[in-house]
Amino acid sequence: MSHRVYKFGGTSVATAGRIRRIVGLIQADSGAHVQTVVVSALGKAEGEPGVTDTLIRLIDLALDRSDERGTLFQDLRGRHRRVLADLATAEDLPVVLQHLDAIWDDLGELLDGVYLIRECSARLRDTIVSMGERLSVPIVAAAFRAAGTDAVHVDAAPLVRTDDLFGEATVDFAETERLVASHFAEWPARTVAVVTGFVGSTPAGVRTTLGRSGSDYTATILAGALEAERVEIWTDVDGVLSGDPRLIPDAFPLPQISYLEAGEMAYFGAKVLHPRTMRPLQAKHIPLYIKNTLNPDASGTLISDTTGTAAGPVKAVTAIQDTGVLIIEGAGMLGVPGVAARAFGALATEAINVLMISQASSEQSICIVVRADRHAAAKQALETAFADEIRRGDVSGITGSAETAIICAVGERMRDQPGLAGRMFSTLGSAGINVQAIAQGASERNISAVVDAADRVRALQATHAALVRSRRQVHVCLLGVGNVGQHVLGQLARYEPSNGIDLKLVAASTSREMIVDLAGLDPATVRDQPHRPANLDELLRELQDSRLERLVVVDASASDAVTDRYPDILRAGFGLATANKRGNTRPMAFYHQLQALASAGLGGYRYETTVGAALPMIRSLQDLVRTGDRIDRVEGLFSGTLAFLFNQMRAGHSFSEAVFEAHRLGFTE
Ligand code: ADP
Ligand code: ASP
Ligand code: MG
């Protein structure tokens, strides 16, 4: 039996209404596969804080011996009771309540323990913090049963085997796969398994957690173990976006990204996924979909082996906040081997995680980035490790700010694109943001920069605006707004971005007047807007000075004055698309000049003619020649209008009727 694994985050199970919604989504996807639904603790909604955060707060209140603890505990219990009562059937309710009451009793006792001994070990903390998921799964399972779908709740702790690195335990995959496979081996048909996210246990059976946001990881761990056909992670945004939507309002959903891109994004701070989520899927090529519970029709993001066909090489920008920098500097380090190794050794001894390093090529300075809350400890460790060098003056000291952030640009195709790092840093530079260190991942899928914490949001916005493009913007300058030109305007007005290409009209001119707006003109109303006297020289110069990327001049003018300028247009690097035959019916030398410029330039030269009533000829001939055919002879009746007229007359229409009809259909002016 094949498996599908779904994960609903805290936001998706925050209220009874949202839980009903997910029940509907799962019911709609039922079929010949076992449905495993991983859920988080009840999340933030309608003024209520997330349950995991509340559990952490309860621990802090117990440590502080604050009186608030009692009320907060009762509020939390009340919230779960209300959600359950709203969802469960009358006969189910007392059974589930009893199950939850046992957990509340445990939680109360554990918090009393913390209060009494004024200490909460990492191990105890994991047991308490993982209760949110133990409380949510019986409620969600009850909601399924109330809606007529068999469902049982499953505690993942005994199935996900980990080490005892409490707070962010490491999974033992071989053991976990065995445990999960045997648990689901005889799974009853058409019964939804509602599984706790976030939790695991050590070989001795002590509860652990997989780190904040760990339910994502639980879903893919199970999917890997079950060889699931797909995983769906349902959250509260339309997929993985090109940036954090709370900080970058222009961020847009990415239709497709690779496991590696998603991994880089998550590692560098994109909260939407736990950084390890992709790991269990990669080797087994299991596709992962990110979907929005609040907007299920949105197509979401597909994460798989391959990256999608996005517009640019940079897919997204992310940031890790609350980091600190440490710089080991000194002329005496030059060429001394093992300095970096010693620095890492010293930090590893203190269990300080290094987020990023960069080293000046002269080896005169090494820059290390750690979490801000470990900055002081890291500084101390390095000062101790390099005490001798500091005394001798070989190392001038350990410096660096404790208030920084890492800004990161991510994209699979970045390695094919030279100069990106330069663009990122000149963007930050022109936004007045000081870059303290840079690093490029060996995979060349990311470039990171360390900036002041205070500059984080501005740096993200500037980098997103400069490097991440949803689609290619092609700028259009229309020359000639007669019959043909008006059709072009109509097509522009109706144009829906496709194949990753967006068209933006920036200039329009007739022989008498013109209008230019680099920010974009509305093709539907451009003719009613104020124009100034036409001047082709001025227009071309303005367009050239604008440095707009990808500009296409569309000639719908049928004017020799415009044809005269074709060489200039191509030389400027603009694309040229013409609706008339004038450019190609001048002396042969002119034709050859245009062809030579077009093949040397960036924009290309496009023209077409039609025969037999709207059959494009030139493209067809060019394709034949390109694929090896040789043209011996061309013969035919080359007037589409005449061909149409003759056919109409042969069908019995009069000449005048046929001409009116040809005009009505737009075949002739
Ligand atoms: P869940 O409760 O479903 O696990 P999370 O709050 O953990 O949801 O993650 C979803 C949130 O992540 C979004 O609401 C969004 O604010 C945030 N986020 C940050 N960066 C991104 C990104 N690049 N793409 C999508 N969401 C992001
Ligand atoms: N409930 C846990 C957290 O808030 C795990 C998760 O939501 O994925 O971090
Ligand atoms: Mg999450």
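Order of appearance sets the numbers: ligands from 1, and atoms from 1 within every ligand.
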Is atom CZ of R20 surrounded by more than 12 heavy atoms (other residues, nucleotides or ligands) closer than 6.0 Å? yes

Using 0.5 Å steps for rounding, measure from the CG atom of L428 to the CG atom of N434. 10.0 Å

Is the H3 ring parallel, tilted or perpendicular to the F184 ring (thresholds 30°, 60°)? perpendicular

Check the angle between the aromatic planes of F8 and Y6 and answer parallel, tilted or perpendicular using the 30° and 60° thresholds. parallel

Can you give me a line-by-line list of nitrogen or oxygen pairs between ligand 1 and the protein shorter than 3.5 Å?
residue  : atom   : partner : partner atom : Å
ligand 1 : 2 (O)  : G10     : N            : 3.1
ligand 1 : 2 (O)  : T11     : N            : 3.4
ligand 1 : 2 (O)  : T11     : OG1          : 3.4
ligand 1 : 3 (O)  : T11     : OG1          : 3.4
ligand 1 : 3 (O)  : T235    : OG1          : 2.7
ligand 1 : 4 (O)  : K7      : NZ           : 3.1
ligand 1 : 6 (O)  : K271    : NZ           : 2.7
ligand 1 : 8 (O)  : T235    : OG1          : 3.2
ligand 1 : 14 (O) : D236    : OD1          : 2.7
ligand 1 : 14 (O) : D236    : OD2          : 3.4
ligand 1 : 16 (O) : R246    : NE           : 3.1
ligand 1 : 23 (N) : L241    : O            : 3.0
ligand 1 : 24 (N) : L241    : N            : 2.8

Could you tell me whether a side-chain N or O of T196 sits under 3.5 Å from a main-chain N or O of A156, the two making a donor and an acceptor? yes

Can any side-chain N or O of D163 pair as donor or acceptor with the backbone N or O of T170 at less than 3.5 Å? yes

Run through T11, D236, D238 and flag the one making a side chain to side chain donor-acceptor pair (under 3.5 Å) with N292. D238

Exercise answer, ligand 2 polar atom pairs (N/O) under 3.5 angstrom:
residue  : atom  : partner : partner atom : Å
ligand 2 : 1 (N) : T52     : OG1          : 2.7
ligand 2 : 1 (N) : E133    : OE2          : 2.7
ligand 2 : 4 (O) : T52     : OG1          : 3.3
ligand 2 : 4 (O) : R212    : NH2          : 2.8
ligand 2 : 7 (O) : S40     : OG           : 3.2
ligand 2 : 8 (O) : S213    : O            : 3.4
ligand 2 : 8 (O) : G214    : N            : 3.4
ligand 2 : 8 (O) : S215    : N            : 3.0
ligand 2 : 8 (O) : S215    : OG           : 3.1
ligand 2 : 9 (O) : R212    : NE           : 2.6
ligand 2 : 9 (O) : R212    : NH2          : 3.4
ligand 2 : 9 (O) : S213    : N            : 2.8

Considering all heavy atoms of both residues, which atom of P287 and which atom of L302 are nearest to each other, and what is their separation? CB-CD1, 3.9 Å

Closest non-hydrogen atom pair between V199 and A157, with its separation: CG2-N, 3.6 Å

